[in-house]
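Have a look at the structure below, then the notes.
Just so it is clear: chains get the letters A, B, ... in the order the sequence lines come, proteins before strands, and each one is counted from 1.
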There are 2 protein chains.
Amino acid sequence: MASDAPAQTRVTRKICAAIKDQITSGLLGPGARLPSTRSLAAEWGVSRTTVTAAYEQLIAEGYLETRHGARTQVAQGLGLAPALDSQAGCSVTPDRLSAYGQRLADFPLLPVSCRPRLMADFRYGDLAAEDFPMLAWRKAVGTALLRRHGRLRYGDPRGSSDLRAALQGYLWRARGLRCEPERIIVVNGSQQGLDLCARLLLDPGNQAVMENPGYNLAHQIFLAAGADVIPVTVDQEGMRTDCLPSARLAYVTPSHQFPLGSVMSAARRQDLLAWAQRIGAYVIEDDYDSEYRFDIAPIPPLQALDHAGRVIYLGTVSKTLSPTLRLGYLVVPASLSEVFAKAKRLADRHTPSLEQEAMAELIGNGAYERHVRRMRRRNGERRVALLSAVSAFLGDIVTVVGADAGLHIVLWLNHVPKGQEDAVIARALEAGIGVYPVSPLYAPASADTRPDRAGLVMGYASLDVRAINRGVQTLREVLEALNTEIGASNRQ
Amino acid sequence: MASDAPAQTRVTRKICAAIKDQITSGLLGPGARLPSTRSLAAEWGVSRTTVTAAYEQLIAEGYLETRHGARTQVAQGLGLAPALDSQAGCSVTPDRLSAYGQRLADFPLLPVSCRPRLMADFRYGDLAAEDFPMLAWRKAVGTALLRRHGRLRYGDPRGSSDLRAALQGYLWRARGLRCEPERIIVVNGSQQGLDLCARLLLDPGNQAVMENPGYNLAHQIFLAAGADVIPVTVDQEGMRTDCLPSARLAYVTPSHQFPLGSVMSAARRQDLLAWAQRIGAYVIEDDYDSEYRFDIAPIPPLQALDHAGRVIYLGTVSKTLSPTLRLGYLVVPASLSEVFAKAKRLADRHTPSLEQEAMAELIGNGAYERHVRRMRRRNGERRVALLSAVSAFLGDIVTVVGADAGLHIVLWLNHVPKGQEDAVIARALEAGIGVYPVSPLYAPASADTRPDRAGLVMGYASLDVRAINRGVQTLREVLEALNTEIGASNRQ
C-alpha cells in the first residue's frame, strides 16, 4: 500500500511534517500510538484519505509502523535525537515576576513524592485508599449526576446551597458551631481557605502570629503574602497568650495543636479572643482534624465563643475522606462573607459542583457521619497499635506527645541530639521506613524554645497494624545503630 | 413515653438546651429532621438513652414531634422568633482588609442567578445538561476510582502526570501546540489560570493590556491585582497592535475575540509577539473556545509561533464538557514552570485528583475527542438555527458579528441607541427571554471606540432549536415595541 500512495497533496505533506516534527523532537517516542485516521482527519478538517496517505508515506519512510489490526504507531527501532525544547535558547530563570512571584521563586520546590515503596511510611496527611467509602461516594456522585437537568452553568462562588445547608447542620451536630449558610464558603481544601485569608487580610509588612512549632504551609502562605510572621511558643495549653504582639491575624490550631498535639486551654481561648477584639485582629482557627479525639471529650471550637466576629473557622474533609478531593470550608464573620465570596469567584469561580453535590448527599443521607465514626474507630486501632509498639520497642529512649487526638504523634528521641535528625531520617529511609522531621515546623530563629533532641512527626492513618509494628521495630534498630555510633564518637 | 422520662442528667439538659437554641435561633425550622439518636449519641460521646431522653423531653415541651415510624422533627406548628444572628451586634462592613481585599470590597457582588425559568436564556457560558457525556464520564470516573490503591495523598501541584501527558497529545493533535508536560499546569478552570498569572506577574501600579471590548472577569482580576488596565481597540483583525503601550502583560483571545468574534491576523500576531519580546512582556493567550469553528480553517495558537518564551497559553473544558467541572490548563514558558507550580501549591495544593484522572482516561480512550466533534456538530446546528431565526425575524434591524466560531454571536441593534440597552434587557426578561448586554465588556472611558448602538451577547450552547426560534421571535416583538415608543417620543 505504502509504495503506491497517491501523489502527496499539500495537506498530506503538512501532516507528514508535523508528525515527523513530533517524532524527532521526542514528543512521540518509539511505540507511541498515533491518533486514528478518523480523529486526525476531523481535527485537521480533511478527509481520511489524506491522513491515510500521510501515514502511509511515513510508514514507507520508516517513521511509523503498523501491526496486523493494531493502530499505527511510531516505529520501535527508530533512533532518536534527544528531546528538543522548542524554547531551548530561552532563559531558564523567570523574569519580570511580581513581588509575590519573586518571594515564591525563592521558596524551595518540594519534589513530588517519588520515594521507593516503603515497608512503612509514616507520612502525615496520607490516608489509606481502602478507608475511602468508595461505594457510598460513587452512589452519592451518581445521585448528584442524576439530579442534573436543564443547564450547566457557573455556580454560587460561596458553594452549592445544598452543601452549605448540610454543612450548617453537620457543624452544629459535630462541633457545636452555629452559623448561617451565608457565612460558609466552600473552598478547595483548607489550603485555599488559608490563601484567601492571607490575600484578603494581609498586606506586605503586616504582622501575622503563628504557633511555634506550627503548620509550615500556613507559614509559607503568610511569607508569600509579604507578611512578617511572628512565632509564638506553644506549651501544654496550646499557644501562649501572655505576650501576644500587635498583628493583623493569628493562625492557631486550638483543638489539636499542629504538630505537638496540645489542646488550647479555656483561659487561653478567652485571652486570644480578647486580644483579637482589642486590637481588631482576626483569628484563623484551623480545625483540621477535630474529628479524631480518643480519650478526651469534644472540645468546642473558638468560633463558638466568638461574639465579636473575629474568628474565621477552617474545616476540611482531607482527614476524613481524602486529601485528593480538595474540599474544605470556611465559616467567616458576617462582615466578611461578601468579600470572601468575591475573592473566591475571582480565584476560581467556585469549587467543582459534582464533588459539592456528592458531599451534600453524603452528609444528608447520614453516610458521612457513619463514615467519620468508622474512621475514628479504625484510626483509634492504629493509634493503639502505634503507642503499644512505641512502648514495647522504643521504651524510654523516646517521649511521645500529642496522642490524645488527631492522626499523628510526635516522638522526641531522647538520646539523639537535634543535629542528628536528618541522619535518623536518611537511615530510616535506607531501612525502608519513612519518618519526617519536626525541625522544619519550628521558626528558624527559635532554638531557645525547642528541645535539643531530634523529633519525628509520625502519621499513622495510612498504615495497617502490621506495617506500624514493623516500622517501629525498624526505627528501633536504626536508633540503636545510631546511638552506638554517637556513643563511639563521643568516646573517641 | 415522654411523661415518664428518666430524671434529666446534666448531659441530657445540655442536649436539650442546644437543640432549643437551634430552634429558637431559626437554624432548625419547623419540620426539620433531627439527627438519629445513634448519630447524635456518637457525636456527643454519650449513650443513645441519654439522647432519647433529651428528645422525649423536647417532645413533651412541644419543641419536637415524631410521627409513626419517622425521624423526630421540629414541631410543625411552632411559632418562631425571627432567626437571630449570633453576631447581630457586629459590624457589617468588613474592617482591616488588605489593599487587595479593599479593592475587591468595592467590586459589585454579582447576584447568584435566580432568574425565573425563562422560555429562552441566551446566557453565554451555559451548556445544555443533556450534552454532557454522562456515560463516558461515569465510566472514566469508575476506571479512575478502581485504579486507586495504596494511599491517598496530595498530588503534584502541576497536575496528574497522566492528565498532563494526555493533554500534551491532545494539544498537539487539536491545536498544533507543542510542549513538554512539565510546562503544563492543570488549574481549576481558566479563571484560576488567569488569577495565577496576575499574582505572579503583576504588582500594583503595573500596566496590563487588554482587548476592548474584552472579558470582564479578566479585567476584574487585573484591577484586583492593583494594575492599570489599558484597553486597546479591537477590529476585524483582532486587537490593534500599532500603538501598544509598555506593559507587563497583554491578555488576548486571538482565536476568537471575546466578545466580538474576530480572528487575530497573522501580521498582528507577529507584531504582538515582537512587542512582547522587545519589552519583556508576557502574552496571555486565552484559547477559551477554539474547539468551535464552523466555516473556517483551524487557527494555530500564538503559542506555536513563540520561540522566545513570552506566551502563556490558557485552555479549558468549560466549553466542551461543563463549566461546573472547573478544569483548565496553562502551558507556560519553561522559565515559569517552577514558579507556577509553587503558586498553584500554595493556592490549593492541586486540582482535585479524581476529575484529573477521569479526564486523562477520557482523552486517552478517545472519548473526549469524539465528544468534542459531537459538540461541534450540535452547536453548529444551534448556530445555523440562530442565524436563520435572526435573519428571518430580525432582518436588517440587527447586524450580526462573530458567528464564524465559538458559542455566541454579538447582535448590534441598528435602531436602538446605546442608552436603551438596559431597557431592551429588562423588557426581554419580562417577555421570558434572557439576553445580555455588550456594554459591560467595554472599558468605561471608551465611548469613542464603540458603536452608538445597543448590543447583545447571545450564547446559544444551552438551547434547543425550538427555544432559539421562540427566543428570537420574542426579541423581535420586544424590539418592535421599543422602537415604536422611541419613535413616538422622538416625534413629541
Side-chain angles (χ1 to χ4, degrees), chain A residues 35 39 42-43 86-87 90-92 94 96-101 104-105 107 109 112 126-127 129 148-154 156 173-174 178 188-189 191-192 195 199-203 221 224 280 309 322-326 334-336 338-339 342-343 346-349 352-353 369 373 462, chain B residues 35 39 42-43 86-87 90-92 94 96-101 104-105 107 109 112 126-127 129 148-154 156 173-174 178 188-189 191-192 195 199-203 221 224 280 309 322-326 334-336 338-339 342-343 346-349 352-353 369 373 462:
Chain A
S39 145
E43 285 304 333
S86 62
Q87 299 175 351
C90 302
S91 158
V92 289
R96 296 260 178 167
L97 296 179
S98 66
Y100 178 83
L104 249 62
F107 288 175
L109 177 69
V112 178
D126 290 2
L127 300 184
R148 294 197 166 177
H149 54 273
R151 43 179 63 207
L152 301 168
R153 62 163 50 166
Y154 295 112
D156 189 327
R173 294 192 298 276
R178 218 173 80 179
N188 305 340
Q191 185 75 20
Q192 188 180 45
D195 190 43
R199 291 180 88 171
L200 289 174
L201 305 175
L202 287 178
D203 276 318
I221 282 178
S322 170
T324 71
L325 277 179
R326 314 308 307 125
S335 60
L336 294 181
E338 237 186 65
V339 77
K342 290 174 184 172
L346 281 194
D348 60 6
R349 293 261 194 179
S353 303
E369 277 151 278
R373 290 197 291 275
S462 70
Chain B
S39 146
E43 284 305 333
S86 61
Q87 300 174 351
C90 301
S91 158
V92 288
R96 294 259 178 168
L97 296 179
S98 64
Y100 178 84
L104 250 61
F107 288 173
L109 178 68
V112 177
D126 291 3
L127 300 184
R148 293 196 166 177
H149 55 273
R151 42 179 63 206
L152 301 168
R153 60 163 52 165
Y154 295 112
D156 189 326
R173 293 191 298 276
R178 220 172 78 178
N188 306 339
Q191 187 74 20
Q192 187 179 45
D195 191 42
R199 291 180 87 172
L200 290 174
L201 304 175
L202 287 178
D203 277 319
I221 282 179
S322 171
T324 70
L325 277 179
R326 314 307 308 125
S335 61
L336 294 181
E338 236 187 67
V339 78
K342 289 174 185 172
L346 281 194
D348 61 5
R349 293 262 194 177
S353 303
E369 278 151 278
R373 289 195 292 274
S462 69

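- The residue from L201(B), L202(B), D203(B) that alone fulfils the side chain to side chain contact (heavy atoms under 4.5 Å, CB included) condition with S98(A) is D203(B).
- At a 4.5 Å heavy-atom cutoff, the contact between R96(B) and chain A is made by backbone and side-chain atoms alike.
- Contact record, R349(A) with R326(B): CG-NH2, 3.3 Å, taken as the closest heavy-atom pair.
- Contacts of R199(A) with chain B are made by both backbone and side-chain atoms, with heavy-atom separations under 4.5 Å.
- Contact annotation for L97(A): both backbone and side-chain heavy atoms come within less than 4.5 Å of a heavy atom of chain B.
- Ranked by non-hydrogen atom pairs under 4.5 Å with chain B, the options L127(A), I221(A), L346(A), V339(A) are led by L346(A).
- Residues meeting the side-chain contact (heavy atoms from CB on, under 4.5 Å) test with A343(A), sequence neighbours left out: L196(A), L200(A), L104(B).
- Closest of all the heavy-atom pairs between F107(A) and K342(B) is O-NZ, 2.6 Å.
- Between P352(A) and P352(B), the closest heavy-atom pair is CG-CG, 4.1 Å.
- Applying the side-chain contact (heavy atoms from CB on, under 4.5 Å) test to S462(A) and every residue at least two apart in sequence or in another chain returns D126(A), R151(B).
- For chain B, the nearby part of A224(A) is the side chain; its heavy atoms alone come within less than 4.5 Å.
- Atom CD of Q192(B) sits about 7.0 Å away from atom CD of Q192(A), to the nearest 0.5 Å.
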